[in-house]
*Asks:* 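Would you mind keeping the following structure in view while I ask a few things?
All residue numbers refer to positions in the sequence shown, counting from 1. Atoms within a ligand are numbered from 1 in the order they appear, just like the ligands themselves.
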Amino acid sequence: MKRKKPAHPILVTRSSLPPLEEYTEMLKPLWDSAWLTNMGQYHKRFAVLLKEYLQTPNLELFVNGHMALELLLQAMDLSGEVITTPFSFASTTHAIVRNGLTPVFCDINAADYTIDVNKLETLITDRTSAIVPVHVYGNICDVERIEEIAGRHGLKVIYDAAHTFGETYDGRGVGTFGDASMFSFHATKVFHSIEGGAAVFRDPELAPVLYELKNFGITDYEKVDSVGTNGKMNEFQAAMGICNLRYVDGEIRKRKELAMQYRRRLGGVEGIRLCPENPRVRYNYAYMPVVFDGYRKDRDRIFAELAAYDIHARKYFYPCINNFDCYKGRFSEADTPVAAEISRKVLTLPIYADLEPEIVDMICDIILE
Ligand code: T4K
């Protein structure tokens, strides 16, 4: 069927922005004080607000989510091997490798694409020190089984919770599971501070360690205790985060409507798989992953058909990390067959608060016709 392209390109997401005046109002005190970064007033206020929103007593802000994860792993003083999944953004494994640790890839389960807890234990060796599971697309991992396995083997659990801002499991903030979690506040996320991220953690003694590590390891003007880096969030980022936090619940509500619309149109169609919804989870609808498995058009064809209408879905996450060129010869995608298969069949469809329902219908029509 011939149809008109949308009035503007439709991308996989579009950053939400607060009213401009609200943000510029917040910039005035920065001009007055000329204090722009290095843990200023907004940085402090943002951290307090987030602790409340995320239901976590211990939180440290960072310039981005990746830095939060990398420094969390450094602060935990890990060694040897760290088990993770290859079905994620590059950041997850890079954070492990950049800490001098060896990633060991566990496959994902075929239902919600999080770590397969039935395969996890077979990968634990006497060199394993931690597990880094990913709550991919906002699907919360099997936190109970992971906790039980990690407890039995004395392993740390650090969740990559980049996709799960504001989610709860049985009413409990998702960041309260495991030893620690990392949230991303990148512009492409449900909630953002332009770039930004946070580490949340169970042990309050990690707070000064992380604070120091993000500030070059400096303890005071004349003392440097550790080999840290520059991971500080600046005041412009914190101000954006404070503004956006006022609107995030409304954004999630709008996303939910769109996700339900996609589900109504695509759910139950033969060859199209959607993630099951767990009634114990309050989702944030960060992504709209659809797996084309035995459908009459394959993933790449649908990707191209949508692109012909200037609608740009994304192949998050293809290729799998264990197939990246930078890790050539070190890992094999064949060790994680489910991840390999899903990465070839999945497409994340456009979803963001201001996406018009008519566009969602158009996307579904193109897929289904
Ligand atoms: N762990 C996981 C599981 C992650 O997914 C990520 C990040 C991290 C760790 C690391 O967190 P951060 O250090 O980034 O905080 C994007 C994001 O840059 C990245 O944050 C995100 N995951 C990843 C899944 O997606 P790209 O390379 O795909 O972004 P890009 O530039 O192609 O943008 C995607 C779409 O977003 C564009 O088509 C339009 C829209 N967009 C983009 C930008 C930059 C906007 O609307 N506004 C913007 O400013 O990585």
*Asks:* Quick one: list whatever passes side chain to side chain contact (heavy atoms under 4.5 Å, CB included) with Ile359, sequence neighbours left out.
*Replies:*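 With neighbours one apart ignored, the set is Pro6, Ile10, Leu355, Glu356, Ile363.
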
*Asks:* Are His94 and Tyr327 close enough that their ring centers fall under 6.0 Å?
*Replies:*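 Yes.
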
*Asks:* Are Phe177 and Tyr159 near enough that their ring centres are under 6.0 Å apart?
*Replies:*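 They do not qualify: ring centres at least 6.0 Å apart.
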
*Asks:* Under a 4.0 Å heavy-atom limit, does Lys189 contact ligand 1 with its side chain, its backbone, both, or neither?
*Replies:*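 Contact part for Lys189 vs ligand 1: side chain (C-beta onward).
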
*Asks:* Are the ring centres of Phe165 and Tyr53 closer than 6.0 Å?
*Replies:*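 Close enough - the centres of the two rings lie under 6.0 Å apart.
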
*Asks:* At what distance is the nearest protein heavy atom to atom 46 (O) of ligand 1, and which residue and atom is it?
*Replies:*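 The protein heavy atom lying closest is Ser15 N, 2.9 Å.
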
*Asks:* Test your reading of the model: is there a side-chain donor-acceptor pair from Glu235 to the backbone of Gln41, 3.5 Å cut-off?
*Replies:*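 The answer is yes, because a donor-acceptor pair under 3.5 Å joins these two groups.
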
*Asks:* When you compare the side chain of Pro103 with that of Glu81, does any pair of heavy atoms fall below 4.5 Å?
*Replies:*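 When only atoms from C-beta onward are counted, Pro103 and Glu81 do not touch, as no gap falls below 4.5 Å.
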
*Asks:* Tyr318 ring centre to Arg299 NZ or CZ under 6.0 Å, with the angle to the axis within 45°?
*Replies:*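 Verdict for Tyr318: a cation-pi partner in Arg299.
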
*Asks:* For atom 13 (O) of ligand 1, what's the nearest protein heavy-atom neighbour? Residue, atom name and distance, please.
*Replies:*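 Sorting protein heavy atoms by distance from atom 13 (O) of ligand 1 puts His66 N, 2.8 Å first.
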
*Asks:* Using a strict cut-off of 4.0 Å, indicate which atoms of ligand 1 neighbour a heavy atom of Ser91.
*Replies:*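 Under 4.0 Å from Ser91, ligand 1 has these atoms: 8 (C), 9 (C), 10 (C).
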
*Asks:* Heavy atoms only: which of Lys315, His186, His163, Met67 lies closest to atom 5 (O) of ligand 1?
*Replies:*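 Comparing heavy atoms across Lys315, His186, His163, Met67, the nearest one to atom 5 (O) of ligand 1 lies in His163.
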
*Asks:* Can you list the atoms of ligand 1 that are under 4.0 Å from a heavy atom of Gly196?
*Replies:*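 Reading through ligand 1 atom by atom, the close ones are 15 (O).
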
*Asks:* Give the numbers and elements of all ligand 1 atoms closer than 4.0 Å to a heavy atom of Ser88.
*Replies:*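 Checking each atom against Ser88, I get 3 (C).
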
*Asks:* In the protein, what heavy atom is nearest to atom 38 (O) of ligand 1, and what distance, to one decimal place, separates them?
*Replies:*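 The answer is Leu11 CB, 3.6 Å.
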
*Asks:* Just let me know how Thr188 lines up against ligand 1, side chain, backbone, both or neither, with a heavy-atom cut-off below 4.0 Å.
*Replies:*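 Contact part for Thr188 vs ligand 1: side chain (C-beta onward).
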
*Asks:* Does the ring center of Tyr42 lie less than 6.0 Å from the ring center of Phe46?
*Replies:*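 No, too far apart.
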
*Asks:* Which option, Thr13, Thr164, Asn64, owns the non-hydrogen atom nearest atom 39 (C) of ligand 1?
*Replies:*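 Shortest heavy-atom distance from atom 39 (C) of ligand 1: Thr13.
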
*Asks:* Going by the order shown, which atoms of ligand 1 are within less than 4.0 Å of some heavy atom of Tyr287?
*Replies:*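 Atoms satisfying the 4.0 Å criterion: 24 (C).
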
*Asks:* Any carboxylate oxygen within less than 4.0 angstrom of a Lys/Arg side-chain nitrogen, looking at Asp325 and Lys328?
*Replies:*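 Salt bridge present between Asp325 and Lys328.
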
*Asks:* Considering only protein heavy atoms, which is closest to atom 30 (P) of ligand 1, and at what distance to one decimal place?
*Replies:*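 The protein heavy atom lying closest is Arg314 NH1, 4.0 Å.
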
*Asks:* Find all atoms of ligand 1 within a distance of less than 4.0 Å from any non-hydrogen atom belonging to Met182, and give their numbers and elements.
*Replies:*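 Those qualifying, in numeric order: 1 (N), 9 (C).
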
*Asks:* Hey, could you give me the NZ/CE distance between Lys232 and Met67, rounded to the nearest 0.5 Å?
*Replies:*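 So the NZ of Lys232 and the CE of Met67 are separated by 10.5 Å.
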
*Asks:* Which protein non-hydrogen atom lies closest to atom 25 (O) of ligand 1, naming both residue and atom, and how far is it?
*Replies:*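 Protein heavy atom with the smallest distance to atom 25 (O) of ligand 1: Tyr316 OH, 3.4 Å.
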
*Asks:* Applying side-chain hydrogen bond (donor to acceptor under 3.5 Å, both in side chains), can you list everything that pairs with Ser332, at least two apart in sequence or on another chain?
*Replies:*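 Expected list: none.
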
*Asks:* Just to be sure I read this right, does ligand 1 sit under 4.0 Å from the backbone of Glu195, its side chain, both, or neither, counting only heavy atoms?
*Replies:*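 The answer is neither.
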
*Asks:* Which label fits Tyr287 and Tyr137: parallel for a plane angle under 30°, tilted from 30 to 60°, or perpendicular past 60°?
*Replies:*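 Taking Tyr137 first and then Tyr287, their aromatic rings sit tilted (interplane angle of 30° to 60°).
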
*Asks:* List the closest protein heavy-atom neighbour of atom 1 (N) of ligand 1: residue, atom name, distance to the nearest 0.1 Å.
*Replies:*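 So the nearest neighbour among protein heavy atoms is Asp160 OD2, 2.7 Å.
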
*Asks:* Heavy-atom contacts with Ser184 under 4.0 Å: which atoms of ligand 1 show up? List them by number with element.
*Replies:*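 By the 4.0 Å cutoff, the relevant atoms are 11 (O), 12 (P), 15 (O).
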
*Asks:* Using heavy-atom distances only, which candidate in Phe89, Phe183, Phe185, Tyr352 approaches atom 23 (C) of ligand 1 most closely?
*Replies:*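 Shortest heavy-atom distance from atom 23 (C) of ligand 1: Phe89.
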
*Asks:* Which is closest to atom 49 (O) of ligand 1 in terms of heavy atoms, Ala90, Ala95, Ala187?
*Replies:*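 Selected option, by shortest heavy-atom distance: Ala187.
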
